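Okay, so here's the structure we're looking at.
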Amino acid sequence: MEAKIGQFLESIGTFFGGGDQIPWCDRDVIAGCEREVADAAKGSSEEQKSESIMRLSWALVHSRQAEDVQRGIAMLEASLANSSSPLQQREKIYLLAVGYFRTGEFSRSRQLVEQCLEIAPDWRQALVLKKAVEERIAKDGVIGIGITATALGLIAGGIAAALTRRH
């Protein structure tokens, strides 16, 4: 019985806490990636430059800072047309989906993650992200319904009180 109660309480905490399994990235990792990009720009091969930019993009979209996430999205969108391989394009689309998930644009994130799954239908990371996106969309819908029901209840209560005072 205690295990069931604990499981129930954990599910409530996950519901309100948004317990997704997508990793976060710290500011020091981003700073390291930025140094790596700057060093690569000083004479490395195009492949090394591209790889360092991808690592920076990954770090940015996994950041807790909204401005970092936006910067990562902008970098990925700018570089998407220059993808040399389907694998690289899939990675960039996935990272864009993560970025949009982090900014709360869940419908855009879902579109992008579905594009990833068209390229690689059993890609575990994309499947996990898709599940997280769908849970957040459902959660937002439930919260929206709750807010609407509360508002309707308050309006009905106000009308009932006004009618009671008349009589």
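When a residue number appears, it is its place in the shown sequence, counting from 1. No experiment lies behind these values; they were computed from the predicted model shown.
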Above 12 or not: heavy atoms from other molecules or residues under 6.0 Å from CD of Glu47?
-> no
Do you reckon Trp123 sits in the same ILVMFWY cluster as Val98, going by side-chain contacts under 4.5 Å, direct or chained?
-> yes
Cluster link Ile22 to Val113, ILVMFWY, side chain under 4.5 Å = yes
Can you list the steps and then say if Ser79 with Ile53 is a side-chain contact (heavy atoms from CB on, under 4.5 Å)?
-> CA-CA 9 Å; Ser79 69; Ile53 289 171; 5.5 Å; no
Locate the shortest heavy-atom distance separating Gly72 from Leu60; write the atom from each residue and the value.
-> CA-CB, 3.7 Å
When rounded to the nearest 0.5 Å, the distance separating SG of Cys116 from CD of Gln89 is 9.5 Å
Determine yes or no for a side-chain-to-main-chain donor-acceptor pair under 3.5 angstrom, with Ser109 supplying the side chain and Glu105 the backbone.
-> no
Give the minimum heavy-atom separation between Cys33 and Ala59, together with the two atoms involved.
-> SG-CB, 4.1 Å
Checking side-chain contact (heavy atoms from CB on, under 4.5 Å) against Tyr100, which of Val69, Val61, Leu112 comes through?
-> Leu112
Verify same cluster id: Leu117, Val133 (apolar side-chain graph, 4.5 Å) | no
Working to the nearest 0.5 Å, report the span between CG of Leu96 and CD of Glu91.
-> 11.5 Å
Separation between CZ (Arg102) and CZ (Arg64), nearest 0.5 Å, reads 7.5 Å
Phe106, Ile93: one ILVMFWY side-chain cluster at the under-4.5 Å cut-off?
-> yes
Hey, quick one: are Leu80 and Trp58 part of the same hydrophobic cluster, counting side-chain heavy atoms closer than 4.5 Å, chains of contacts allowed?
-> yes
Pair Glu46 + Lys49, salt bridge at N-O below 4.0 Å | yes
If you measure from CG on Asp39 to CD on Gln48, what distance do you get to the nearest 0.5 Å?
-> 11.0 Å
Here the gap from Gln65 atom CD to Ile30 atom CD1, rounded to the nearest 0.5 Å, amounts to 8.0 Å
Stepwise, does the side-chain contact (heavy atoms from CB on, under 4.5 Å) test hold for Met54 with Leu95?
-> CA-CA 9 Å; Met54 278 297 290; Leu95 290 175; 3.8 Å; yes
Output yes when Glu67 and Arg71 qualify as a salt bridge under the 4.0 Å nitrogen-oxygen rule, no when they do not.
-> no
Kindly compute the distance separating OG (Ser57) from NE2 (His62), expressed to the nearest 0.5 Å.
-> 11.5 Å
Any side-chain heavy-atom pair from Glu134 and Ile137 closer than 4.5 angstrom?
-> no
